[in-house]
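Proteins come first, then strands; the chains are lettered A, B, ... in the order of their sequence lines, and each starts at number 1. Please read all numbers here as calculations on a predicted model, not as lab measurements.
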Amino acid sequence: MKQLSSYEIIWGMVRQIPKGKVATYGQVASESGFPGQARLVGYALHALPHHADVPWQRVINSQGRISFPPGSGASRRQRRLLTSEGVIFDGDKIRLERFGWMMSPRRK
DNA sequence: AACGTGACAAGGC
DNA sequence: AGCCTTGCCACGT
């Protein structure tokens with residue numbers, strides 16, 4: 001398995017998201033120095049070692065929702081972790097107050 | 001080396 | 001609110 005510094009930069013950025021808060025893939029990408037490359041963040045998290053000390057659950061999509069298929073094991077796992085950290089859901093969307101690590105997500 | 005894929009995002013209907 | 005298209009770019013085939 002290869003080692004790209006871009007992954008490590010992204011992982012380090014995700015580690016900085018405070019407990020109880022969340023950030024979007026796009027925000028993490030920008031702060032990591034890769035503006036517009038949200039997919040890269042998803043890819044980096046996907047490649048994350050399972051035992052790594054990185055709060056991957058705090059990264060969500062721009063809609064304020066979990067990006068795993070609804071009902072999937074991964075989706076429920078992420079929601080459980082976030083809920084245990086105090087993050088509050090409004091249906092399948094996370095409450096806006098819980099954003100704010102950097103900026104608010106777009107809303108429709 | 002080309003191609004398809006993906007834990008995304010933004011814009012148009 | 002949904003669905004579709006395009007822009008992204010690192011990865012595994």
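With no hydrogens or angles considered, a side-chain donor-acceptor pair links A/Gln57 and A/Glu85 at under 3.5 Å.
At a threshold of 4.0 angstrom between heavy atoms, the contacts of A/Leu45 include nucleobase atoms, whether or not backbone atoms are also involved.
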Audit row: A/Trp56, A/Gln78, side-chain contact (heavy atoms from CB on, under 4.5 Å) steps and yes/no: CA-CA 8 Å; A/Trp56 59 269; A/Gln78 182 170 12; 3.8 Å; yes
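Sorted by residue number, the members of residues 68-76 of chain A with any non-hydrogen atom under 4.0 Å from DNA chain B read A/Phe68.
Ranking B/dC8, B/dA7, C/dC8 by closeness to the A/Gln37 side chain, first place goes to C/dC8. Side chain of A/Arg39, nearest nucleotide from B/dA7, B/dG6, B/dA9: B/dG6. You'll find that the side chain of A/Ala38 is closest to B/dC8, out of B/dC8, C/dA10, B/dA7.
At a cut-off of 3.5 angstrom, the base of B/dA7 holds at least one donor-acceptor pair with the side chain of A/Tyr25.
A/Gln78 has its CD atom 13 Å from the C1' atom of B/dC8, to the nearest Å. The nearest whole Å value for the distance from the CZ atom in A/Arg65 to the P atom in B/dA9 is 12 Å. Rounding to whole angstrom units, CG of residue A/Leu40 and P of B/dC8 are separated by 12 Å. Between the NE2 atom of A/His50 and the P atom of B/dA7 there is a distance of 15 Å, rounded to whole Å. Nucleotide B/dG6 holds its C1' atom 16 Å from the CG atom of A/Leu48, rounded to whole Å. Put simply, CG on A/Asn61 is 13 Å from C1' on B/dA10, counting in whole angstrom units. Spacing between atom CD1 of A/Ile17 and atom C1' of B/dA7 amounts to 13 Å, rounded to whole angstrom units. Rounded to an integer number of Å, the gap from A/Gln63 CD to C/dC3 P is 12 Å.
A/Arg79 forms a cation-pi arrangement with A/Phe89, by the criterion of a distance under 6.0 Å to the ring centre and an angle within 45° of the ring axis.
Here the rule is side-chain contact (heavy atoms from CB on, under 4.5 Å) with A/Val59, and of A/Ile66, A/Leu45, A/Val22 only A/Leu45 fits it. No option in A/Val54, A/Ile9, A/Leu48 other than A/Val54 meets the side-chain contact (heavy atoms from CB on, under 4.5 Å) test with A/Val14.
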Encoded 5' to 3' (Watson-Crick or G-U under 3.5 Å; [ ] crossing; | other strand), DNA chain B becomes .|||||.||||||
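Phosphate proximity of B/dC8 to A/Ser62: absent, as no side-chain N or O sits under 4.0 Å from OP1 or OP2.
Among all heavy-atom pairs drawn from A/Asp90 and A/Arg95, the shortest one is CB-CG, 4.4 Å. The two residues A/Ser32 and A/Met13 come nearest to each other via the heavy atoms OG-CB, 3.4 Å.
Annotation: the span from A/His46 atom NE2 to A/Tyr7 atom OH amounts to 9.0 Å, rounded to 0.5 Å.
The side-chain heavy atoms of A/Leu40 and A/Ile10, taken from C-beta on, include a pair separated by under 4.5 Å.
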